[in-house]
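Written below as structure tokens is the structure these notes are about.
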Amino acid sequence: MQKVNYQKEMERELARLKKEQVVPKLLLHSCCAPCSSYVLEYLSNYFSITIFYYNPNISPKEEFEKRVKEQQRLIASMPFKNPVDCIVGKYEPERFFEISKGLENVPEGGERCFRCYELRLREAAILAKQKGFDYFTTTLSISPLKKAEKLNEIGRKLEQEYQVSYLYSDFKKKDGYKRSIQLSQEYQLYRQNFCGCVYSKKEAMLREREIS
Ligand code: SF4
């Protein structure tokens, strides 16, 4: 089966919005300030954005709080064409540990991550529905380690379940990841060396040990 180019799908949607001269409300789930930097720079030209920082996967709590502060600092520092604000979701790590049961040793990019994507995206879909957003999506596809196919498949399922449009996307395309690194340098953002959960931290430590 031919792979879908989700960047192209998004471009078609953005062109339609531009033609209709509308600025819809987007709830953008964000995993961290560095990943959101490029996405905000790009999408704030088309949407009024609310960042939804919901990441119960992050451990420990201090790391979660550090990433929240960086997210808020970035929003306050960047110039945007349309308004951008931020909602910080509850820190509820027990929900992440519940969905990870039995998958603790699965390497990054496997089934545990798919459940982790869905846990966060579902919360975003629920909030988008409750608060009357026109679209929801996530920054997660910017990472070369995150599977855009899977993220968009989950987005499609949730858009049908909650009746809120999912903005199909693959932000790593068109050098999105590279631009996020440039912006992180420009705004001197804290860039963590692990995805977020305790298991990814262990993997990162092993990787570093192998290199040194
Ligand atoms: S590696 Fe990242 S995406 Fe995968 S389970 Fe851990 S925090 Fe979630």
Side-chain angles (χ1 to χ4, degrees), residues 6 27-40 51-72 74 86-128 136-158 166-173 176-177 180-181 184 189-211:
Y6 289 103
L27 186 68
L28 174 62
H29 164 265
S30 168
C31 55
C32 60
C35 288
S36 72
S37 59
Y38 161 76
V39 182
L40 282 171
I51 286 275
F52 182 39
Y53 193 88
Y54 179 72
N55 296 294
N57 49 316
I58 297 174
S59 282
K61 191 163 186 235
E62 294 68 34
E63 176 72 21
F64 174 87
E65 284 165 352
K66 197 171 177 182
R67 294 191 194 191
V68 168
K69 282 210 182 90
E70 282 299 83
Q71 182 70 75
Q72 291 167 330
L74 177 70
C86 182
I87 296 175
V88 178
K90 274 197 217 147
Y91 182 57
E92 35 194 21
E94 64 287 352
R95 292 191 71 191
F96 172 72
F97 288 116
E98 184 59 38
I99 56 129
S100 311
K101 268 187 197 152
L103 302 168
E104 294 84 351
N105 296 318
V106 173
E108 187 170 345
E111 182 59 30
R112 188 189 66 241
C113 296
F114 302 159
R115 291 193 193 179
C116 181
Y117 302 165
E118 183 162 344
L119 173 65
R120 295 183 277 169
L121 271 174
R122 181 173 292 281
E123 209 60 21
I126 292 170
L127 189 66
F136 74 105
T137 194
T138 177
T139 58
L140 284 167
S141 67
I142 199 166
S143 162
L145 294 170
K146 302 284 181 303
K147 299 207 162 85
E149 283 291 327
K150 197 70 195 177
L151 286 161
N152 285 290
E153 182 191 308
I154 295 168
R156 191 181 305 278
K157 182 175 87 171
L158 294 173
Y166 184 72
L167 185 70
Y168 294 92
S169 39
D170 188 356
F171 294 114
K172 70 178 80 54
K173 293 268 164 78
Y177 181 64
S180 76
I181 292 171
S184 300
L189 297 175
Y190 160 61
R191 274 188 83 84
Q192 59 284 340
N193 68 343
F194 68 108
C195 183
C197 66
V198 279
Y199 316 114
S200 61
K201 191 171 188 174
K202 214 156 81 182
E203 269 188 59
M205 278 161 67
L206 286 171
R207 263 197 312 268
E208 274 168 21
R209 218 174 286 162
E210 274 167 24
I211 293 167

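Remember, it's 1-based here, ligands and their atoms both numbered in the order they're listed.
- The nearest heavy-atom contact from the protein to atom 2 (Fe) of ligand 1 is Cys195 SG, 2.3 Å.
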Margin query: I'd like to know whether Val198 forms a side-chain contact (heavy atoms from CB on, under 4.5 Å) with Glu104, so could you lay out the CA-CA distance, the side-chain angles of the two residues, the decisive distance to 0.1 Å, and finally the verdict.
Written below: CA-CA 9 Å; Val198 279; Glu104 294 84 351; over 6 Å; no
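- Among all protein heavy atoms, the one lying closest to atom 7 (S) of ligand 1 is Asn57 ND2, 3.2 Å.
- When the options Glu104, Glu203, Arg112, Glu111 are ranked by their closest heavy atom to atom 5 (S) of ligand 1, first place goes to Arg112.
- Interface of Ser200 with ligand 1, defined as ligand atoms under 4.0 Å from a residue heavy atom, comprises 1 (S).
- Electrostatic pairing of Glu65 and Lys69 does not count as a salt bridge here, judged by no charged N lying under 4.0 Å from a carboxylate O.
- For ligand 1, the atoms lying closer than 4.0 Å to a non-hydrogen atom of Glu108 are 1 (S).
- Atoms of ligand 1 lying under 4.0 Å from any heavy atom of Cys116, numbered from 1 in the order shown and given with element: 3 (S), 5 (S), 8 (Fe).
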Notebook entry, point to check: Should Tyr91 and Phe96 be marked as a ring pair (Phe, Tyr, Trp, His ring centres under 6.0 Å) after you check the CA-CA gap, both sets of side-chain angles, and the distance that decides it?
Noted result: CA-CA 10 Å; Tyr91 182 57; Phe96 172 72; over 10 Å; no
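- With Ser36 as reference, Ser30 is the one residue of Cys86, Ser30, Ser180 to meet the side-chain contact (heavy atoms from CB on, under 4.5 Å) rule.
- Numbered from 1 in the order shown, with element, the atoms of ligand 1 that lie under 4.0 Å from a heavy atom of Phe96 read 5 (S).
- The protein heavy-atom contact nearest to atom 6 (Fe) of ligand 1 is Cys197 SG, 2.4 Å.
- Close contacts between ligand 1 and Arg120 involve ligand atoms 3 (S), 8 (Fe) [criterion: under 4.0 Å to a heavy atom].
- Protein heavy atom closest to atom 4 (Fe) of ligand 1, with residue, atom name and distance, is Cys113 SG, 2.3 Å.
- A cation-pi arrangement is present between Arg67 and Phe194, with the terminal nitrogen or guanidinium carbon under 6.0 Å from the aromatic centre and inside a 45° cone about the axis.
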